[in-house]
Number of protein chains: 2
Amino acid sequence: MTTVDEQTGIVEVDSDLRAADGRVPGRRGLATRQKLLSATRELLDSVAYRDLKVVDIAQEAGTSPATFYQYFPDVESVMLALASDLSEAWHDDLRKLVSNRDWDGDPDGSAKVVADGMLEFWTRHKPVLRVLDLASMEGDLRFREIRAFLLAGATSALMDLASERHIPGDPMASAGVVVGMLAHVANHQHGLERWGVPHDVLVDTVAGIIRRTIVGLP
Amino acid sequence: MTTVDEQTGIVEVDSDLRAADGRVPGRRGLATRQKLLSATRELLDSVAYRDLKVVDIAQEAGTSPATFYQYFPDVESVMLALASDLSEAWHDDLRKLVSNRDWDGDPDGSAKVVADGMLEFWTRHKPVLRVLDLASMEGDLRFREIRAFLLAGATSALMDLASERHIPGDPMASAGVVVGMLAHVANHQHGLERWGVPHDVLVDTVAGIIRRTIVGLP
DNA sequence: TCCCGGACCTGACACAGCATCAGATACCGG
DNA sequence: CCGGTATCTGATGCTGTGTCAGGTCCGGGA
């Protein structure tokens with residue numbers, strides 16, 4: 001999270017980073033905080049968010065529960081931080097993914113690169129993105145905000161594309177639905193593949209929907 | 001859930017319905033069980049699954065935590081039962097939704113009815129379906145099975161349609177992706193509408209994707 | 001080198017929710 | 001009205017939460 005202090009105008013990275021007692025953490029403290037974040041991400045591979053306990057995170061990080069509370073008020077806040085970091089990473093990846101793509105000359109290839117890239121990113125960070133999805137669905141405003149920001153880049157990129165092409169229908173709705181579809185397919189990839197749909201067929205199918213819905217080609 | 005006892009061949013509705021001590025519940029017991037189910041569904045409207053406590057469910061149902069454990073081993077099992085019931089209900093709704101639809105004469109209207117119907121069902125039962133989605137994503141096999149069964153009806157209906165029409169691409173993948181998209185849009189409807197996409201535009205967009213992807217019309 | 005002050009960590013504790021059981025209560029057929 | 005079984009619950013041990021006061025670690029100054 002990058003923010004600008006309204007009072008001083010100072011740009012701070014990971015602002016509001018302060019321990020429970022109000023102190024600003026130093027080198028050692030930041031390392032501990034990082035260890036807690038990593039431990040949480042690690043645990044999320046094997047245990048459901050619902051069953052994530054402070055005790056376990058602390059143990060995995062090689063520290064005590066009391067220390068956990070020095071850096072985060074609860075487990076949800078760790079997720080928020082992880083999701084926020086991911087949001088940054090995604091915007092970097094996205095830039096490489098959609099910029100300078102030849103939609104006129106090679107619409108199929110372009111759609112495929114976007115579909116594949118997003119699927120890959122979602123698969124790589126599945127555990128955190130899963131929680132982001134759930135918490136958003138359940139109405140948590142802070143998670144919703146991050147999710148909206150995370151999807152906004154992809155959505156607006158596709159929306160612009162749809163607008164340029166003057167496709168029938170609402171560009172915003174089309175882009176929003178397509179991006180949601182990508183996220184959903186990524187999350188349930190495993191299920192579809194178990195149903196007998198191989199990964200590359202899935203990518204082709206999704207790319208086809210992007211092409212027809214956004215680019216406006218048959 | 002309807003099952004057939006392999007040994008006896010006896011068809012049982014809600015088989016394995018037995019209290020914690022192994023007794024088969026009578027009229028009064030079934031009523032209590034039902035009250036617990038309703039209470040859970042009720043609570044799910046206002047509190048996140050993650051925060052659903054046995055104490056709260058018991059209180060909402062006007063009984064004690066100990067009674068809860070008479071009928072369910074844990075909160076997850078209640079969700080399983082609710083999801084299972086929903087799965088039955090959906091298959092009934094689905095039958096009315098897709099049967100005798102005129103895809104050749106009125107593809108737009110047909111696609112719209114399916115899109116609208118599914119969105120409506122998902123919205124009506126959002127809390128339970130949300131949990132079903134989450135638990136499936138997190139890899140819980142029992143929830144996955146129910147989700148697969150729930151989506152299978154819609155998926156195979158669309159798959160058959162896609163096969164008949166000889167659309168390019170894999171019918172199974174197309175149907176799976178489209179059904180997933182519908183579920184996802186239903187879950188995140190609120191977000192899209194807040195983004196300024198009205199409900200009817202959303203339905204049109206989704207119907208358009210169904211038409212182009214499944215029916216094979218521009 | 002030693003020491004000292006602040007940054008950091010943790011053991012101990014009070015409390016909430018989980019899960020279980022023995023015993024109390026409610027209901028039904030006779 | 002009574003006995004027996006189905007149903008319910010108060011009491012209880014246990015796991016995990018969240019908060020202190022006080023201990024440990026570390027780097028900079030003498």
Side-chain angles (χ1 to χ4, degrees), chain A residues 12 14-40 42-44 46-81 131 135 138 140, chain B residues 14-40 42-44 46-81 131 135 140:
Chain A
E12 297 173 314
D14 277 326
S15 75
D16 268 4
L17 253 195
R18 37 189 63 220
D21 51 10
R23 287 180 299 97
V24 176
R27 191 180 51 75
R28 196 153 62 106
L30 285 175
T32 303
R33 190 191 126 97
Q34 196 54 49
K35 265 198 292 183
L36 287 167
L37 284 169
S38 304
T40 305
E42 196 67 31
L43 280 174
L44 223 50
S46 53
V47 323
Y49 175 49
R50 191 175 157 61
D51 301 324
L52 214 52
K53 310 281 185 241
V54 171
V55 204
D56 301 329
I57 297 175
Q59 184 168 22
E60 175 80 19
T63 180
S64 71
T67 300
F68 176 96
Y69 290 103
Q70 193 90 359
Y71 297 99
F72 302 99
D74 48 34
V75 177
E76 191 179 294
S77 300
V78 185
M79 293 311 306
L80 233 28
V131 174
E138 277 183 338
D140 187 302
Chain B
D14 275 327
S15 74
D16 270 5
L17 250 196
R18 35 188 66 219
D21 52 10
R23 289 179 298 97
V24 175
R27 191 182 49 77
R28 195 156 61 109
L30 286 175
T32 303
R33 191 190 125 99
Q34 196 54 49
K35 265 198 293 183
L36 287 167
L37 283 170
S38 304
T40 305
E42 196 67 29
L43 280 174
L44 224 48
S46 54
V47 324
Y49 175 50
R50 192 179 154 68
D51 300 324
L52 212 54
K53 309 285 185 227
V54 171
V55 206
D56 301 329
I57 297 175
Q59 183 168 20
E60 175 81 18
T63 180
S64 72
T67 301
F68 176 96
Y69 290 104
Q70 193 89 1
Y71 298 99
F72 302 99
D74 48 34
V75 178
E76 190 179 295
S77 300
V78 185
M79 293 311 306
L80 232 28
V131 175
D140 187 301

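In what follows, chains are A, B, ... by sequence order, proteins preceding strands, each numbered from 1.
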J.: To the nearest Å, give me how far apart CG (Asp51(A)) and P (dT17(D)) are.
T.: 11 Å
J.: Quick one: what's the B/S/- string for nucleotides 22-30 of chain C, heavy-atom cutoff under 4.0 Å, read 5' to 3'?
T.: -----SS--
J.: Give, for atom NZ of Lys53(B) and atom CZ of Phe68(B), the distance between the pair rounded to the nearest 0.5 Å.
T.: 12.5 Å
J.: What is the distance, rounded to the nearest whole Å, between atom CG of Leu36(A) and atom C1' of dC9(C)?
T.: 12 Å
J.: In degrees, rounded to 10°, what is the bend between the two ends of the helix from dT1(C)-dA30(D) to dG30(C)-dC1(D), using five pairs at each?
T.: 0°
J.: At a heavy-atom distance below 4.0 Å, what parts of residues 52-63 of chain A sit against DNA chain D?
T.: Lys53(A), Val54(A), Val55(A)
J.: Could you pull out all residues at least two apart from Glu42(B) that satisfy side-chain contact (heavy atoms from CB on, under 4.5 Å)?
T.: Glu60(B)
J.: So, do Leu37(B) and Phe72(B) sit near enough that their side-chain heavy atoms are less than 4.5 Å apart?
T.: yes
J.: Taking only residues two or more places apart in sequence or in another chain, which ones pass side chain to side chain donor-acceptor pair (under 3.5 Å) with Asp51(A)?
T.: none
J.: Starting from C1' on dC9(C), measure out to CZ on Phe72(A) and report it in whole angstrom.
T.: 16 Å
J.: If I take atom CG in residue Leu30(B) and atom P in nucleotide dC8(D), what distance separates them, rounded to the nearest angstrom?
T.: 10 Å
J.: Measuring to OP1 and OP2 of dT10(C), would you say a side-chain N or O of Ser64(A) lies under 4.0 angstrom away?
T.: yes
J.: In whole angstrom, give the distance that lies between atom CZ of Arg33(A) and atom P of dA7(C).
T.: 18 Å
J.: Is a donor on one side and an acceptor on the other found under 3.5 Å between the side chain of Arg50(A) and the backbone of Tyr49(B)?
T.: yes
J.: Using the side chain to side chain contact (heavy atoms under 4.5 Å, CB included) rule, pick out the option among Val75(B), Leu44(B), Leu80(B) that qualifies with Val131(B).
T.: Leu44(B)
J.: Tell me which nucleotide among dC21(C), dC8(D), dG11(C) gets nearest to the side chain of Ala66(B).
T.: dC21(C)
J.: Send over the distance from Lys35(B) NZ to dC8(D) C1', rounded to a whole Å.
T.: 11 Å
J.: Working note: Thr67(B) + Thr32(B), criterion side chain to side chain contact (heavy atoms under 4.5 Å, CB included); need CA distance, chi angles, decisive distance, verdict.
T.: CA-CA 9 Å; Thr67(B) 301; Thr32(B) 303; 3.8 Å; yes
J.: What pairs with Ala61(B) under side-chain contact (heavy atoms from CB on, under 4.5 Å), at least two apart in sequence or on another chain?
T.: Lys35(B), Leu36(B), Ala39(B), Thr63(B)
J.: Ignoring backbone atoms, test whether Thr32(B) places a side-chain nitrogen or oxygen under 4.0 Å from the OP1 or OP2 oxygen of dT7(D).
T.: no
J.: Any non-hydrogen side-chain atom of Val54(B) less than 4.5 Å from a side-chain atom of Tyr69(B)?
T.: yes
J.: Using a cut-off of strictly less than 4.0 Å, decide whether Tyr69(B) has a side-chain nitrogen or oxygen near OP1 or OP2 of dT20(C).
T.: no
J.: What distance do Ser38(A) atom OG and Ile57(A) atom CD1 have between them, rounded to the nearest 0.5 Å?
T.: 11.5 Å
J.: Val47(A) versus Leu52(A): any side-chain heavy-atom pair under 4.5 Å?
T.: yes
